[in-house]
Amino acid sequence: QVQLVESGGGLVRPGGSLRLSCTSSGVTLDYYAAGWFRQAPGKGREGVAFIGLSDDSIAHADSVKGRFAISRDKNTVYLQMNSLKPEDTAVYYCAADYSLANVKDGWASYWGQGTQVTVSS
């Protein structure tokens with residue numbers, strides 16, 4: 001059974017940076033497309049960034065483009081978050097699936113439990 005575990009969340013001031021990590025147990029993430037989603041209090045889930053099995057399949061939401069960057073290395077998927085804003089405050093979730101389309105559509109087979117990111121002065 002695949003289990004995804006996120007880490008790296010926390011409290012940061014506006015303009016600061018954080019790097020989220022997503023690792024898996026059970027299978028290696030090398031063979032899966034992956035993505036990061038977030039959900040702020042009272043709001044729906046938003047897809048933030050996606051990555052397939054090659055770098056040419058990377059995509060970022062307009063709301064984070066130029067500030068966030070998704071990457072992968074062996075069994076870990078990262079989300080580098082720079083120039084953080086209060087509106088980036090949310091629980092961030094990692095997701096993985098064999099199909100990048102499924103990940104982008106929010107229908108990934110595997111999800112983590114989430115890590116809280118709070119941007120506040």
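In what follows, residues are counted from 1 in the order of the sequence shown.
Residues satisfying the side-chain hydrogen bond (donor to acceptor under 3.5 Å, both in side chains) test with Ser25, not counting sequence neighbours, are none. Legend: residues meeting side-chain contact (heavy atoms from CB on, under 4.5 Å) with Ser71, ordered by chain and number and at least two apart, are Tyr78. Listed by chain and residue number, nothing satisfies the ring-ring contact (aromatic ring centres under 6.0 Å, His included) test with Phe68 (two or more places apart in sequence, or in another chain). Listed by chain and residue number, Gln116 satisfy the side-chain hydrogen bond (donor to acceptor under 3.5 Å, both in side chains) test with Thr118 (two or more places apart in sequence, or in another chain). Judged as a salt bridge (charged side-chain N to carboxylate O under 4.0 Å, His left out), and not counting sequence neighbours, the contacts of Asp62 are Lys65. With sequence neighbours left out, Asp105 forms a side-chain contact (heavy atoms from CB on, under 4.5 Å) with Trp107. In terms of the side-chain hydrogen bond (donor to acceptor under 3.5 Å, both in side chains) criterion, Ser7 has no residue partners (sequence neighbours excluded). Under the rule for a side-chain contact (heavy atoms from CB on, under 4.5 Å), the partners of Ser83 that lie at least two apart in sequence or sit in another chain are Arg67. In terms of the salt bridge (charged side-chain N to carboxylate O under 4.0 Å, His left out) criterion, Lys85 has no residue partners (sequence neighbours excluded). Residues passing the side-chain hydrogen bond (donor to acceptor under 3.5 Å, both in side chains) test with Gln3, sequence neighbours excluded: none. Scored by the ring-ring contact (aromatic ring centres under 6.0 Å, His included) test, Phe37 finds Phe50, Trp111 as partners (sequence neighbours excluded). Under the side-chain contact (heavy atoms from CB on, under 4.5 Å) criterion, Val117 pairs with Leu18, Leu20, Met81, Tyr92, Val119, not counting sequence neighbours.
Using a 4.0 Å cut-off between charged side-chain N and carboxylate O, Arg38 and Asp88 make a salt bridge.
Using a 4.5 Å cut-off on side-chain heavy atoms (C-beta onward), Cys22 and Trp36 make contact.
Taking the six-membered ring for Trp and the full ring otherwise, the centers of Tyr98 and Tyr32 sit less than 6.0 Å from each other.
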